[in-house]
Amino acid sequence: MTEQEKPLNFIEKIIEADLASGKTKQVHTRFPPEPNGYLHIGHAKSICLNFGLAKKFGGVCNLRFDDTNPEKEDVEYVESIKRDVEWLGFKWEGDIHYTSDYFDQLYAWAVELIKADKAYVCHLNQEETREYRGSLKEAGKDSPYRNRTVEENLAEFEKMRAGEYEEGACALRVKIDMASPNMQLRDPIIYRIKKATHHQTGDKWCIYPSYDYAHGQGDAIEGITHSVCTLEFVEHRPLYEWFIENLPVPAKPKQYEFSRLNVNYTITSKRKLKQLVDENVVKDWDDPRMPTISGMRRRGYTPKSIRDFIDSTGVTKVDGVVDVSQLEFAVLEDLNEKAPRAMCVLNPLKVTLINYPIEETEYLTAPVHPQNEEMGTRTLIFTREIYIDKDDFREEANKKYKRLVKGKRVRLRNAYIIEADECVKDEKGEIIEVIARIIENTVGKNPEDGIKAKGVIQWVSAEHNVDCELRVYDRLFNEVAPDAGGKDFMESVNPESLKVLTGCKAEIALQDPVSDIPYQFEREGYYFLDSDAENDPEKGIENQKLIFNRTISLRDTWK
RNA sequence: UGGGACGUCGCCAAGUGGUAAGGCUCUGGGUUUUGAUCUCAGCAUGCGUAGGUUCGAACCCUACCGUCCCAGCCA
């Protein structure tokens with residue numbers, strides 16, 4: 001389906017109507033992460049949506065760090081977030097924004113709220129505040145500090161700002177309705193004391209605005225027209241609107257909510273992802289098994305495949321769980337089109353071609369991509385001794401087996417057809433070598449005797465090849481919903497999510513591997529050069545070896 | 001009867017009163033020097049359930065059922 005005929009999602013329809021009515025002149029969205037962790041596949045949806053909306057309707061999208069809680073945040077995260085957004089292929093409008101850029105304005109507006117008798121400093125401690133708030137079924141009751149005079153509130157708020165109170169001693173609350181059925185409206189706290197150093201503002205402030213107070217105003221200041229967030233903020237919308245109505249903001253942005261992206265066999269809770277790192281289940285946040293943007297990048301997923309996947313899932317208010325196969329499909333689809341092909345033997349088994357001259361070295365040409373000539377060709381070296389995969393030879397097999405069998409023929413991909421005569425075994429009975437013959441004149445043609453080969457297998461010269469390590473990944477969890485229903489997700493961790501294969505032999509073209517896109521190791525899968533491959537300090541210059549991460553295996557419908 | 005959001009194929013998802021798009025998965029066939037790709041075909045007499053309105057309902061009305069969210073000085 002082309003972009004034109006793809007039906008608009010509900011937010012796109014709203015925007016289209018706003019543009020048509022003239023309510024919106026130019027669409028302005030924003031991606032507003034809190035820099036308190038690494039971005040994951042769930043954030044990718046928000047990124048694609050916000051930047052995508054702007055692009056689709058000729059607008060712009062800001063990148064804003066919602067940094068109102070200094071204790072949890074760090075510049076390390078702002079850097080990684082910038083990198084991830086760029087890598088995904090998006091460009092934010094102008095400079096990067098920080099909610100902390102608006103702390104002065106937010107403070108001034110808070111003072112206005114106090115002057116209008118719409119906010120008060122409350123000295124209830126945390127526990128008391130909770131008790132006064134009531135419960136889901138019972139109304140709350142007014143704080144004893146709710147009716148202080150404006151002058152008193154102004155003075156108290158100034159003392160808060162000046163650092164005269166300890167953390168938790170008091171907070172600025174907005175006066176709405178302690179009996180509201182919407183818990184968010186029961187006099188929410190808009191400023192609290194935090195004597196922490198902020199990664200952007202340093203020690204300038206010891207009071208920080210809450211998300212609810214800061215977010216909408218930040219949107220208004222930046223001229224955001226459509227403030228898109230996830231469903232859990234639906235109940236915050238009346239609050240969002242309350243601030244916009246009660247403050248002299250320069251614009252009136254609107255909030256719209258969509259459902260989060262969930263993928264089965266995957267978790268996206270920041271806390272849980274951190275636990276995987278902390279408890280060494282994975283090596284780091286960018287471990288190729290992680291659902292983080294950086295993990296997927298290291299694994300070999302392309303930005304386009306992630307964008308396509310996100311597009312394929314749609315934007316709605318239904319909370320569902322997308323099947324990983326939908327993600328895998330997007331990866332396979334993009335990689336099939338772009339990945340250069342190569343041959344790599346995972347478990348080498350020597351094959352000696354007894355009718356091939358010992359000294360002979362033949363250079364064969366193969367396409368880099370069989371369906372795309374423009375990608376050019378590569379050179380293969382053919383010799384008397386080669387390696388094939390152990391799985392590709394059997395002494396006997398039924399006719400469903402299309403590989404090399406003793407007494408039968410097989411096509412060596414991009415090379416000769418060979419026929420196996422016998423095999424050599426070690427004392428344990430394991431096959432360690434196959435004795436075979438090439439069928440003359442079969443490069444690029446079928447045998448003159450008319451006896452064709454049933455299958456095709458990859459191979460590599462035993463003398464001319466590149467040794468490499470392959471890291472083969474499987475799903476991180478064995479459970480469809482690892483953290484559903486209060487389950488301990490750590491118990492469903494797949495103990496075999498990583499298998500390291502060493503001594504793998506790749507064709508010589510891999511001596512100088514490309515590092516921006518995975519290779520398709522034909523008949524095996526897509527493999528991406530690991531970013532650590534060339535600069536692992538432990539191994540030293542001489543011991544560097546090629547390390548490839550398996551991005552994803554090829555579809556295999558062989559039963 | 002706290003409030004709110006949501007229920008269309010195994011999974012996503014169009015559809016907004018005129019007789020159920022599409023994608024993923026799955027199944028079967030064809031092509032193929034990758035058991036890949038590509039290609040063809042199949043896959044909801046039914047839209048949470050039960051009533052009602054209507055010539056006609058996934059769409060409107062009523063009741064019920066189910067799932068998720070809200071009681072951080074987190075976002």
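To find a chain, count down the sequence lines: A is the first, B the second, and so on, and within it residues start at 1.
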**Report entry** Any donor-acceptor N/O pair, Arg378(A) side chain to Pro367(A) backbone, under 3.5 Å
**Finding:** yes
Query raised in the report: Ser259(A) side chain to Asp319(A) main-chain N or O, any donor-acceptor pair under 3.5 Å?
Result: no
Is the shortest side-chain N/O distance from [X] to OP1 or OP2 of [N] below 4.0 Å?
| X | N | answer |
| --- | --- | --- |
| Arg186(A) | G72(B) | no |
| Ser259(A) | C68(B) | no |
| Lys141(A) | A71(B) | no |
| Arg192(A) | G72(B) | no |
| Arg341(A) | U37(B) | no |
| Ser325(A) | C11(B) | no |
| Ser312(A) | C12(B) | no |

Taking the minimum atom-to-atom distance to the side chain of [X], which one of [options] wins?
| X | options | answer |
| --- | --- | --- |
| Lys317(A) | G2(B), A5(B), G72(B) | A5(B) |
| Val234(A) | A5(B), G35(B), G2(B) | A5(B) |
| Thr313(A) | C73(B), G35(B), C12(B) | C12(B) |
| Asn69(A) | C12(B), A71(B), A75(B) | A75(B) |
| Gln326(A) | U34(B), A13(B), C12(B) | C12(B) |
| Phe329(A) | C73(B), U37(B), U25(B) | U25(B) |
| Asn336(A) | U37(B), A75(B), G2(B) | U37(B) |
| Glu235(A) | C69(B), C12(B), A13(B) | C69(B) |
| Lys402(A) | A71(B), G35(B), U33(B) | G35(B) |
| Lys194(A) | C70(B), G72(B), C74(B) | C74(B) |

Report summary line: Atom CD of Glu507(A) and atom C1' of U34(B) are separated, to the nearest Å, by 13 Å
Query raised in the report: Between Gln520(A) (CD) and A36(B) (C1'), how many Å, whole number?
Result: 6 Å
Query raised in the report: Do the ring centers of Tyr98(A) and Phe103(A) come within less than 6.0 Å of each other?
Result: no
Report task. Taking the six-membered ring for Trp and the single ring otherwise, decide whether the centroids of His215(A) and Tyr211(A) are under 6.0 Å apart. Result -> yes
Report summary line: If pairing means Watson-Crick or G-U wobble with both distances under 3.5 Å, then the partner of C6(B) is G66(B)
**Report entry** Identified pairing partner of A41(B), criterion: Watson-Crick or G-U wobble below 3.5 Å
**Finding:** U27(B)
Requested in this report: Check if the side chain of Arg523(A) and the base of U34(B) share a donor-acceptor pair of N or O atoms closer than 3.5 Å.
Outcome: no
Report task. Determine whether any donor atom in the side chain of Arg130(A) lies under 3.5 Å from an acceptor atom in the base of G72(B), or the reverse, and answer yes or no. Result -> no
Over all strands shown, is [X] touching base, sugar-phosphate only, or nothing at heavy-atom distances under 4.0 angstrom?
| X | value |
| --- | --- |
| Leu124(A) | base |
| Gly140(A) | nothing |
| Lys13(A) | base |
| Arg133(A) | sugar-phosphate |
| Asn125(A) | base |
| Thr316(A) | sugar-phosphate |
| Val324(A) | nothing |
| Pro32(A) | nothing |
| Thr68(A) | sugar-phosphate |

Query raised in the report: Would you call G72(B) syn or anti, using the 90° rule around 0?
Result: syn
Query raised in the report: With nearest nucleotides of RNA chain B determined for Ala171(A) and Gly320(A) from heavy-atom distances, which residue corresponds to the more 5′ nucleotide?
Result: Gly320(A)
Query raised in the report: If you pin Ala169(A) and Asp323(A) to their nearest nucleotides in RNA chain B, which one's is more 5'?
Result: Asp323(A)
Query raised in the report: Can the positive tip of Arg148(A) be found less than 6.0 Å from the middle of the six-membered ring of Tyr120(A), inside 45° of the ring normal?
Result: no
Requested in this report: For the pair Phe521(A) and Tyr527(A), name the ring-plane relationship: parallel under 30°, tilted 30 to 60°, perpendicular over 60°.
Outcome: parallel
